Amino acid sequence: MSEFRIAIVGFGKIARTQHVPAIAATQGATLVAIADPNAAPVGVPHFAGLKELLRDGPEFDAVALCTPPQIRSAQATIALAAGKHVLLEKPPGKSVSEIAPLRAAAEGAGRTLFTAWHSRFASAVEPARQLLAGRKIEAVSITWKEDVRVWHPGQAWIFEPGGLGVFDPGINALSILTRVLPQALFVTRAELAVPVNRAAPIAADLDLADGAGLPIKAVFDFRQTGPQSWDIQFETDKGPVTLSSGGARLIDGDRVLVDAKDQEYPLLYRRFVDLASRGRSDVDLAPFQLVADAFLLGRWHTVEAFEDQP
Ligand code: NAP
């Protein structure tokens with residue numbers, strides 16, 4: 001494949017901190033333009049939006065859609081119609097059902113659609129999957145707690161409908177879980193805490209299971225201060241296995257098996273380039289479906305108002 005020319009649409013936090021360096025580190029890939037109404041230029045042509053990029057911009061092969069999820073599927077529709085390969089940041093959109101038409105459009109256009117679950121590319125996730133494949137898992141406990149003011153300052157979209165609230169990070173845990181446990185999982189109970197002045201949960205408490213009744217508990221909380229927790233604990237027939245630091249560390253009992261530097265986005269782009277070179281798509285909605293089911297099954301509790309400034 002000749003040079004894979006990528007444009008980033010939505011040039012906010014994740015585009016600047018992860019996508020730009022990851023594209024630069026990907027052999028055969030080049031960032032050729034960005035589209036964002038307000039972002040400062042970064043040395044490549046800059047456009048106010050996707051339509052302007054397509055009308056006035058340089059030739060390119062693919063877009064990475066790093067906009068808020070509420071507008072992503074509309075942009076993906078336009079990009080696919082223009083013959084571009086499309087990487088969807090997580091979550092893939094604002095609803096599960098809007099992804100099927102995108103999948104069909106990608107197939108019809110012979111282009112790649114990639115639902116990019118970045119946490120699945122964390123260093124310890126694949127080793128964890130392999131380790132757990134040889135164990136009987138008896139219980140799973142997820143603790144995913146972070147300070148929304150630190151990680152999502154000023155991102156009002158996150159508490160709007162379709163923004164997912166605390167499930168914005170929580171879906172990362174679910175993307176790892178659905179990767180390391182091969183069997184189908186489903187939600188059995190959800191308690192959702194929603195600030196009185198917001199539309200999406202700030203905390204959630206979930207029970208999940210598999211067909212054999214494996215007990216899985218998940219606690220997501222955006223109100224964490226101090227140390228942050230992005231951990232999944234597996235009780236197994238040969239002792240506890242812990243996947244911590246968002247999937248970067250793997251501990252078997254008291255033995256640290258993996259403790260590696262973050263390589264998620266370079267690996268994610270390697271996958272995107274590979275998919276496009278083979279004319280394949282990778283669309284997995286399992287984590288998103290679990291979030292949707294938590295919303296469907298959830299008991300909603302109103303909690304105190306949340307303001308960006310404490
Ligand atoms: P963000 O900082 O709010 O960035 C979104 C950017 O999109 C903003 O610059 C926004 O501009 C721009 N935008 C809004 N409407 C647009 C449009 N019509 N066309 C082009 N650009 C538009 O959010 P983020 O943290 O980067 O997150 C973006 C996505 O990446 C989310 O789905 C999130 O879940 C995912 N993600 C985030 C992280 C993280 O740590 N932050 C990690 C992994 C994945 P304005 O601000 O001017 O509206």
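FYI, side chains are in, hydrogens and waters are out, and symmetry mates aren't considered; it's all heavy atoms of this structure. Order of appearance sets the numbers: ligands from 1, and atoms from 1 within every ligand. All of these numbers come straight from a predicted model, not from anything done at the bench.
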Can you pull every nitrogen or oxygen pair between ligand 1 and the protein closer than 3.5 angstrom?
from: ligand 1; atom 1: 2 (O); to: Lys13; atom 2: N; distance (Å): 2.9
from: ligand 1; atom 1: 2 (O); to: Gln155; atom 2: NE2; distance (Å): 3.0
from: ligand 1; atom 1: 3 (O); to: Trp157; atom 2: NE1; distance (Å): 2.9
from: ligand 1; atom 1: 9 (O); to: Asp36; atom 2: OD2; distance (Å): 2.7
from: ligand 1; atom 1: 19 (N); to: Gln75; atom 2: NE2; distance (Å): 3.4
from: ligand 1; atom 1: 23 (O); to: Gln155; atom 2: NE2; distance (Å): 3.3
from: ligand 1; atom 1: 25 (O); to: Gln155; atom 2: NE2; distance (Å): 2.8
from: ligand 1; atom 1: 26 (O); to: Lys13; atom 2: N; distance (Å): 3.1
from: ligand 1; atom 1: 26 (O); to: Ile14; atom 2: N; distance (Å): 2.8
from: ligand 1; atom 1: 32 (O); to: Arg72; atom 2: NH2; distance (Å): 2.6
from: ligand 1; atom 1: 32 (O); to: Lys90; atom 2: O; distance (Å): 2.9
from: ligand 1; atom 1: 34 (O); to: Lys90; atom 2: O; distance (Å): 3.1
from: ligand 1; atom 1: 34 (O); to: Lys90; atom 2: NZ; distance (Å): 3.2
from: ligand 1; atom 1: 34 (O); to: Asp168; atom 2: OD1; distance (Å): 2.5
from: ligand 1; atom 1: 47 (O); to: Asn38; atom 2: ND2; distance (Å): 2.7

Please enumerate all residues that pass salt bridge (Lys or Arg N to Asp or Glu O under 4.0 Å) together with Asp207, with sequence neighbours excluded. Arg189, Lys217
I'd like to check the ring pair (Phe, Tyr, Trp, His ring centres under 6.0 Å) partners of Phe60; sequence neighbours left out, ordered by chain and number. none
Can you tell me if Asp210 uses its side chain to pair, donor with acceptor, with the backbone of Gln183 under 3.5 Å? no
Look at the side chain of Arg5 and the backbone N and O of Leu31, then say whether any donor-acceptor pair between them is shorter than 3.5 Å. no
Side chains of His118 and Glu89: donor-acceptor distance under 3.5 Å anywhere? no
Partner set under side chain to side chain donor-acceptor pair (under 3.5 Å) for Glu146, not counting sequence neighbours: His152, Trp230
